[in-house]
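Working notes, structure below.
All values reported here derive from a predicted model rather than from experimental measurement.
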Amino acid sequence: MSTPTPEQQTILDNKARVRLIRAVPGSGKTWLVADLIKKELVQWQPKHGGISALSFTRVGGDEIRRAVGYDLPHPHFVGTIDAFLFRFIVRPFLKQVLPSLAVPRLIPAEWEPNKWRKGVNSTNFTVRIGNGNSAKMFNLFNVCFLGEDNGEPIIACKQQDWDSIAPLDVQAKAAVLKAKQNLWEKHGWLTHSDAAFLANKILGNQTHGPSVRAEVLRRFPLFIIDELQDTGWFLGQCILQLLGEPSVRGFLVGDPDQAIYEFNGARPDLFDRFAEPSGTQQLSLGRTRRCSPAVCKVAEHLAEPNRCIEPAPDRTGRAFLLSYKSLEGDIHRLHASLARYSDNNVVKTVARHTKTVDMIAGLAAKEAPKFGSVPLNHLHRAVNNFRRGRRASALAAARAALEYAVFDHEGITQDELAGIGIDPTAWKRVCVEALLEANSEVTGESFEAWGKRMVDFVQNRLTDIVPANKDSSGTKKIRLPAGIAKEEIRQDYLTAKASSLSEESRVTVQTVHAVKGETHDLTVLVCPDLNQVKRCPSVIWWSDADDQEERRIAFVAVTRTRGDLIICVSEQCFARLQQSRASFVQSFECMSIDNFIANNNY
């Protein structure tokens, strides 16, 4: 798209200090953001400071760069809101405003720190509340700051993956907050949620807040924020505190129906807060340039009440609701029928949960028994992450394994390595080598034999880089598997290698969260049959509860396609939808997967 639509031009021409745009999926909002940046840069001078172009995810930042056509150099910043807050507020000002806290260090969620056992000086990462069977464990890396109530933070977490995020009770909140404070004071370790909470404290501090806000806005007098609906309460509060200063300008784009980061506290009602700063004008992008009339009709059933999405006039995509008898078998046959079409088109299958994705993609693996060895637990998880394509998580787990083996805890920094004479680059290389060695398979190898192989490998490689005055074996803390794990065949618990997967694996399978912001030629949404009526899409997509995130996740999934849409449900779910959501079912061409395969033209 080279020229703006009349709807887009109206927004570009608007002179309001803060423009708040509600944009339907595929309405060209990333192009709009890029065009605004280009127009601003025509007359921008270094003395003006820089433009801060932010999105909730790294993918969003990459899309902005791609749409602009080049990386924005200093003094501008393009990246995530989290990265901006940490780099320009938390890291430079935390010690000044909250001097009792240690120098901050961000611990990304993709490192899977919730699998870490302990920090330096035996710091515990879990809080236990209650006794006996009623006891609950809260991992400090798993909880998040959800909002505020009468000036007090609301802390929340999920007990299980399929649960809704729920606030902690008074006792649990007090214990977790105390443990968090201790972690911040001793080590400065922060999750992204912690960083947003502390950034809000810094910006709102009565003594230092005004000068911090002035310095940030001197650097960045223009904030452009994409995917605004994904900002949780504290991220949003930070943005609002900055936009509250009359000298700053803002260009905010989002869609409340696409707020799917509930674990970060994102909720569609929070979007309305951004209309509050003086000088704000609300605008809209109501026409999609991506989705066909058939897909828009489906999406409207999943959108907020009475929302109308004007379809793209040149799209002819169809919407299919397919029923299956056996999820794994039928979906694999569907993928095989789509494999040829995927050669020249972007075809993706999406699902709500990672477990469903792994099962469909042939990447599911049985849960291994406990080894009784923290480093081997880390390495086994690293291998399965590596085989699933989660390379950052895989390397982080391999690093955690060696850190625990040598230092008896996870979370070693590069400065700490250098301080005891270990070259950080050499350390990273050994971590990669350990991951690759752990990934290699020996037919019929037991976990005990694999453990011995890894102990020998780690000991040999660490001898080359760990100083003699340090425990150079690095293996005394790697216990070999015991009990039931000892004789188990390791290959039975490994994710399949990509090279061994069949033709149907050519259709990419990802979670809905992973494809947010993407556009496909064909999107297949798979809904597993959980054998629980209360978890059926016929129920959870139209829940009357306050949390309606499942509906919004489905909305994001169905609006990824610029071509056809396929939703796959069990026969039982299809029957429930016919009974309780007849108008939704009537939006589709309905058939079984068998009939679709027999009649499709792909």
Side-chain angles (χ1 to χ4, degrees), residues 1 4-5 7-8 11-12 14 16 18-41 50-72 76-85 87-88 192 196 220-232 235-236 238-240 242-243 248-261 264-268 270-275 277 280-290 512-519 552 555-556 559-560:
M1 183 171 55
T5 64
E7 194 176 40
Q8 292 168 335
I11 293 171
L12 290 171
N14 189 281
V18 179
R19 284 168 277 182
L20 176 62
I21 301 102
R22 293 174 184 255
V24 300
S27 56
K29 59 184 177 59
T30 302
W31 177 91
L32 187 70
V33 165
D35 200 61
L36 176 70
I37 292 173
K38 292 176 183 176
K39 290 180 181 298
E40 290 284 347
L41 289 176
I51 297 171
S52 181
L54 309 177
S55 185
F56 180 72
T57 63
R58 284 193 292 267
V59 171
D62 292 341
E63 284 189 339
I64 292 173
R65 294 186 190 93
R66 193 159 43 245
V68 172
Y70 54 87
D71 285 334
L72 294 182
H76 310 294
F77 178 84
V78 179
T80 65
I81 303 173
D82 287 305
F84 179 88
L85 294 181
R87 179 173 174 180
F88 296 106
H192 284 97
F220 299 103
L222 171 60
F223 281 86
I224 300 174
I225 301 177
D226 195 8
E227 305 293 357
L228 182 70
Q229 75 283 341
D230 291 325
T231 57
L235 284 178
C238 291
I239 296 168
L240 285 169
L242 294 172
L243 292 178
V248 69
R249 291 185 295 138
F251 189 86
L252 318 176
V253 190
D255 178 8
D257 273 320
Q258 297 187 68
I260 65 170
Y261 289 93
N264 184 60
R267 303 194 316 267
L270 295 179
F271 193 92
D272 294 332
R273 292 192 303 163
F274 296 98
T280 299
Q281 186 167 346
Q282 297 192 63
L283 304 155
S284 67
L285 286 173
R287 165 174 278 186
T288 178
R289 300 177 66 87
R290 175 192 299 156
V512 178
H513 287 84
V515 302
K516 190 170 185 296
E518 293 184 353
T519 297
R552 299 193 297 273
F555 178 85
V556 168
T559 54
R560 296 309 91 204

Just so I know, are the side chains of Ile260 and Phe555 near enough to count as touching, which here means a heavy-atom distance under 4.5 Å? no

Of all residues at least two apart in sequence or in a different chain, which pass the side chain to side chain donor-acceptor pair (under 3.5 Å) check with Glu63? none

Side chain to side chain contact (heavy atoms under 4.5 Å, CB included) evaluation trace for Arg287 with Thr5: CA-CA 10 Å; Arg287 165 174 278 186; Thr5 64; over 6 Å; no

Under the 3.5 angstrom rule, does the side chain of Gln258 hit a backbone N or O of Gly517 as a donor-acceptor pair? no

Atom CG in Leu240, atom CG in Leu252: separation rounded to 0.5 Å? 8.5 Å

Minimum heavy-atom distance between Ala196 and Cys238, given as atom pair plus value: O-SG, 3.8 Å

Give, for atom CD1 of Ile225 and atom CD1 of Ile239, the distance between the pair rounded to the nearest 0.5 Å. 3.5 Å

For Gln282, check side chain to side chain donor-acceptor pair (under 3.5 Å) against everything at least two apart and list the hits. none

Tell me, do Pro256 and Arg22 make a side-chain contact under 4.5 Å, heavy atoms counted? yes

Restricting to side-chain contact (heavy atoms from CB on, under 4.5 Å), what partner residues turn up for Thr280, sequence neighbours left out? Val18, Leu20, Pro277

With sequence neighbours excluded, tell me which residues meet salt bridge (charged side-chain N to carboxylate O under 4.0 Å, His left out) with Lys38. none

Those residues at least two apart in sequence (or on a different chain) that pass side-chain contact (heavy atoms from CB on, under 4.5 Å) with Arg290 are Pro25, Thr288, Thr519, Arg560, Arg562

Using the six-membered ring wherever Trp is involved, compare the ring planes of Phe88 and Phe84 and label them parallel, tilted or perpendicular (cut-offs 30° and 60°). tilted

Could you tell me if the side chain of Val24 sits less than 4.5 Å from the side chain of Leu285, heavy atoms only? no

According to the interplanar angle, ranging from 0 to 90°, do the rings of Phe56 and Tyr261 count as parallel (below 30°), tilted (30 to 60°) or perpendicular (above 60°)? tilted

Is the shortest side-chain heavy-atom distance between Phe220 and Val248 below 4.5 Å? no

What residues form a salt bridge (charged side-chain N to carboxylate O under 4.0 Å, His left out) with Arg66, not counting sequence neighbours? none

Do the side chain of Glu7 and the main chain of Gly286 share a donor and acceptor less than 3.5 angstrom apart? yes

Rounded distance (nearest 0.5 Å) linking atom OG of Ser55 with atom CD1 of Ile81: 6.5 Å

Across all chains, not counting sequence neighbours, the side chain to side chain donor-acceptor pair (under 3.5 Å) partners of Asp230 are Lys516

With sequence neighbours left out, the residues meeting side-chain contact (heavy atoms from CB on, under 4.5 Å) with Gln281 are Asn14, Ala16, Leu283

Is there a side-chain contact between Leu228 and Phe274, using heavy atoms and a 4.5 Å cut-off? yes

Does a side-chain heavy-atom distance below 4.5 Å link Val78 with Asp71? no

One should read off an interatomic distance between Leu235 CG and Asp82 CG, to the nearest 0.5 angstrom, of 5.0 Å

Determine the minimum heavy-atom distance between Val253 and Ala23, stating which atoms define it. CG1-CB, 4.0 Å

Contacts of type salt bridge (charged side-chain N to carboxylate O under 4.0 Å, His left out), residue Asp255, not counting sequence neighbours: Arg307

Which residues pass the salt bridge (charged side-chain N to carboxylate O under 4.0 Å, His left out) test with Arg19, sequence neighbours left out? none

Heavy-atom check, side chain of Thr231 versus side chain of Leu270, under 4.5 Å: no

Report yes if some heavy atom in the side chain of Arg289 is under 4.5 Å from a heavy atom in the side chain of Trp31; otherwise report no. no

Residues in side chain to side chain donor-acceptor pair (under 3.5 Å) with Arg273, at least two apart? Gln237

Could you walk me through whether His76 and Ile37 pass the side chain to side chain contact (heavy atoms under 4.5 Å, CB included) test, one step at a time? CA-CA 10 Å; His76 310 294; Ile37 292 173; over 6 Å; no

Tell me every residue that passes side-chain contact (heavy atoms from CB on, under 4.5 Å) with Glu40, counting only those two or more places apart in sequence or in another chain. Leu36, Trp44, Ile51, Leu222, Arg249

Interatomic distance, Leu54 atom CG to Asp226 atom CG [nearest 0.5 angstrom]: 10.0 Å

